[in-house]
Amino acid sequence: MPVIDVEVIEDSVSFEKEGKEPTKPEETEFYEPVVPIVKKDENGIPSDAIVLFNGGSLDQWENAKNQTEAKWQLNVDGSMTVKDKTGDIQTKQKFGDVQLHIEWRSPKEIGGKGQHRANSGIFLSEKYEVQVLDNNENSTYVNGQVGSIYKQHTPLAMASVASGEWNAYDIIYHAPEFDEAGLKIKPGTLTVIHNGILIQDHVEIKGTTPYIGWPKNPPHGKGSLLLQDHGDSSRVSFRNIWVREL
């Protein structure tokens, strides 16, 4: 993305700073930076997006624990499915702020209940989880249900499609900022749109999203996008994964 020219923007509001009311229209107009043109292709992918998975291979992914080959199952329909107990997978490329599009599906054949029904997670910077879960007629704690920021923020709505059908998440992630001493000076934020419905509205990330304990705030820079193997035969599938760096 282009770097914004701060001086141009400052010039455009100089009258406001000085307390003067502009008397000419051009005094409140500026022409830089030039806005980039972004178009979608026939698959709906923006021209400036980085495609992380389109069904062809898992070459852009690795085992999150030991950085070996990702062993999840590739499917003929262009999706991949968690291969139980083979471990989480993560992108080899690391990212900061992103717009992420990802589609996921729970198995049509329902198994398990509560947190053991089609459970996975999408972790930004390897630390902050947006929950994936089949909650159709399957209740659980609301700050751990589908679309939650795990153990932190309950979704504004439950927007899932029927079990076995494809869901889409569109996520806007701004990473937290840390000073030279490693102290957090600005919290990260997440916005989540689930099947076209806003379910997380620019919420502040309190820290990591552990199953047990309070959120922690270890300093970090860019990190991988991580997909969770819940280790309970949840059989969640993913497809059409791309990001735009912000």
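For the single chain, residues carry numbers from 1 onward in sequence order. All values reported here derive from a predicted model rather than from experimental measurement.
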### Message
More than 12 heavy atoms of other residues, nucleotides or ligands under 6.0 Å from NZ of Lys71: yes or no?
### Response
no
### Query
Is a donor on one side and an acceptor on the other found under 3.5 Å between the side chain of Asn240 and the backbone of Ile102?
no
### Query
Any donor-acceptor pair under 3.5 Å linking the side chain of Asp229 with the backbone of Gly87?
yes
#### Entry: Leu225: which of Ile122, Val98, Ile171 passes side-chain contact (heavy atoms from CB on, under 4.5 Å)
Ile122
### Short side-chain to backbone donor-acceptor contact, Gln99 and Leu246, under 3.5 Å
no
### Summary
Here the gap from Thr86 atom OG1 to Lys65 atom NZ, rounded to the nearest 0.5 Å, amounts to 12.0 Å
### Task
May I ask whether Val132 and Tyr150 are part of the same hydrophobic cluster, defined by side-chain heavy atoms of I, L, V, M, F, W, Y residues being less than 4.5 angstrom apart, directly or through others?
no
### Query
Can a salt bridge be assigned to the pair Lys94 and Glu126 using a cut-off of 4.0 Å between side-chain N and carboxylate O?
yes
## Note on the structure
dist Arg117:CZ -> Asn135:CG (nearest 0.5 Å) comes out at 9.0 Å
### Query
What distance separates Gln60 CD from Ser224 OG, expressed to the nearest 0.5 Å?
11.5 Å
### Task
Measure the NZ-OG1 distance between Lys113 and Thr140 for me, rounded to the nearest 0.5 Å.
11.5 Å
### Query
Got a donor-acceptor contact below 3.5 angstrom from the Asn63 side chain to the Ala70 backbone?
no
### Query
Just by distance, do the side chain of Asp84 and the backbone of Asp232 share a donor-acceptor pair under 3.5 Å?
yes
### Query
Would you say the side chains of Gln145 and Gln115 form a donor-acceptor pair under 3.5 Å?
no
### Task
Determine, for Trp166 and Arg239, whether the Lys NZ or Arg CZ falls below 6.0 Å from the six-membered ring centre while staying within 45 degrees of the axis.
yes
### Query
Is there a side-chain contact between Leu52 and Val243, using heavy atoms and a 4.5 Å cut-off?
yes
### Message
Looking only at side-chain N and O atoms, does Asn75 offer a donor or acceptor that is under 3.5 Å from a partner on Thr81?
### Response
yes
### Message
For Glu62 and Gln90, which I'm curious about, is there any donor-acceptor pair between the side chains at under 3.5 Å?
### Response
yes
### Message
Taking atom CD1 as the centre, does Ile37 end up with more than 12 heavy-atom neighbours from other residues, nucleotides or ligands that are less than 6.0 angstrom away?
### Response
no
### Message
Give me the atom names and distance for the closest heavy-atom approach of Ile199 to Ala157.
### Response
CG2-O, 3.5 Å
### More than 12 heavy atoms of other groups within 6.0 Å of Glu26 CD
yes
### Message
Between Gln200 and Leu156 (side chain of the first, backbone of the second, donor and acceptor by atom type, cut-off under 3.5 Å), is there such a pair?
### Response
no
### Query
Under a 4.5 Å side-chain heavy-atom rule over Ile, Leu, Val, Met, Phe, Trp and Tyr, are Trp72 and Val51 clustered together?
no
### Query
Should Ile45 and Ile193 be counted in the same cluster of Ile, Leu, Val, Met, Phe, Trp and Tyr side chains packed under 4.5 Å apart?
no
### Any donor-acceptor pair under 3.5 Å from Glu69 side chain to Trp61 backbone
no
### Query
Under 3.5 Å, is there a donor-acceptor pair between the side chain of Lys83 and the main chain of Arg235?
no
### Message
What I want to check is whether the side chains of His194 and Asn167 have a donor and an acceptor closer together than 3.5 Å.
### Response
yes
### Task
May I ask you to test the Lys85-Ser233 pair for a side-chain heavy-atom distance under 4.5 Å?
no
### Query
Is it true that a side-chain atom of Ser125 and a backbone atom of Lys127 form a donor plus acceptor pair closer than 3.5 Å?
no
### Message
I'd like to know whether His230 forms a side chain to side chain contact (heavy atoms under 4.5 Å, CB included) with His116, so could you lay out the CA-CA distance, the side-chain angles of the two residues, the decisive distance to 0.1 Å, and finally the verdict.
### Response
CA-CA 8 Å; His230 202 247; His116 295 285; 4.1 Å; yes
### Message
Checking Glu103 against His101: is there a side-chain donor and acceptor pair closer than 3.5 Å?
### Response
yes
### Message
Quick one, Trp104 with Val146, criterion side chain to side chain contact (heavy atoms under 4.5 Å, CB included). Give me CA distance, side-chain angles, the key distance, then yes/no.
### Response
CA-CA 12 Å; Trp104 61 271; Val146 64; 3.6 Å; yes
Ignoring hydrogens and angles, write down the donor-acceptor pairs under 3.5 Å from the side chains of residues 210-217, residues two or more places apart or on other chains.
from, atom 1, to, atom 2, distance (Å)
Lys216, NZ, Trp214, O, 2.8
Asn217, OD1, Lys184, NZ, 3.0
Asn217, ND2, Lys206, O, 3.1

#### Entry: Residue list, ring-ring contact (aromatic ring centres under 6.0 Å, His included) with Phe178, at least two apart or on another chain
His220
### Query
Nearest heavy-atom pair of Pro155 and Val142: which atoms, and what distance?
CD-O, 3.7 Å
#### Entry: From Asp97, Ile149, Val130, Ile205, residue fulfilling side-chain contact (heavy atoms from CB on, under 4.5 Å) relative to Leu124
Val130
### Query
Can you tell if the side chain of Trp242 reaches within under 4.5 Å of the side chain of Phe53, non-hydrogen atoms only?
no
### Query
With a 4.5 Å heavy-atom cut-off, do Met80 and Leu227 have their side chains touching?
yes
#### Entry: Close side-chain approach of Pro218 and Thr208, heavy atoms under 4.5 Å
yes
### Query
Relative to each other, are the rings of Tyr173 and Tyr128 parallel, tilted or perpendicular (30° and 60° limits)?
tilted
### Query
Given Thr191, which of Ile172, Asp170, Val203 fulfils the side-chain contact (heavy atoms from CB on, under 4.5 Å) condition?
Ile172
### Query
With distance as the sole test, does Thr209 use its side chain to make a donor-acceptor pair with the main-chain N or O of Glu129 at under 3.5 Å?
yes
### Task
To the nearest 0.5 angstrom, please state how far the OH atom of Tyr169 sits from the CD1 atom of Ile241.
13.5 Å
### Message
Distance check, rounded to the nearest 0.5 Å: Asn138 atom CG versus Asn119 atom CG?
### Response
10.0 Å
### Task
Please name the pair of heavy atoms, one in Gly96 and one in Lys222, separated by the smallest distance, quoted to 0.1 Å.
N-CG, 3.6 Å
### Task
Only counting residues at least two apart or in another chain, list the ones meeting side-chain contact (heavy atoms from CB on, under 4.5 Å) with Asn136.
Asp134, Met158, Ser160, Ser163
### Query
Is Leu133 linked to Ile110 within one hydrophobic cluster, defined over Ile, Leu, Val, Met, Phe, Trp and Tyr using a side-chain heavy-atom separation of less than 4.5 Å?
no
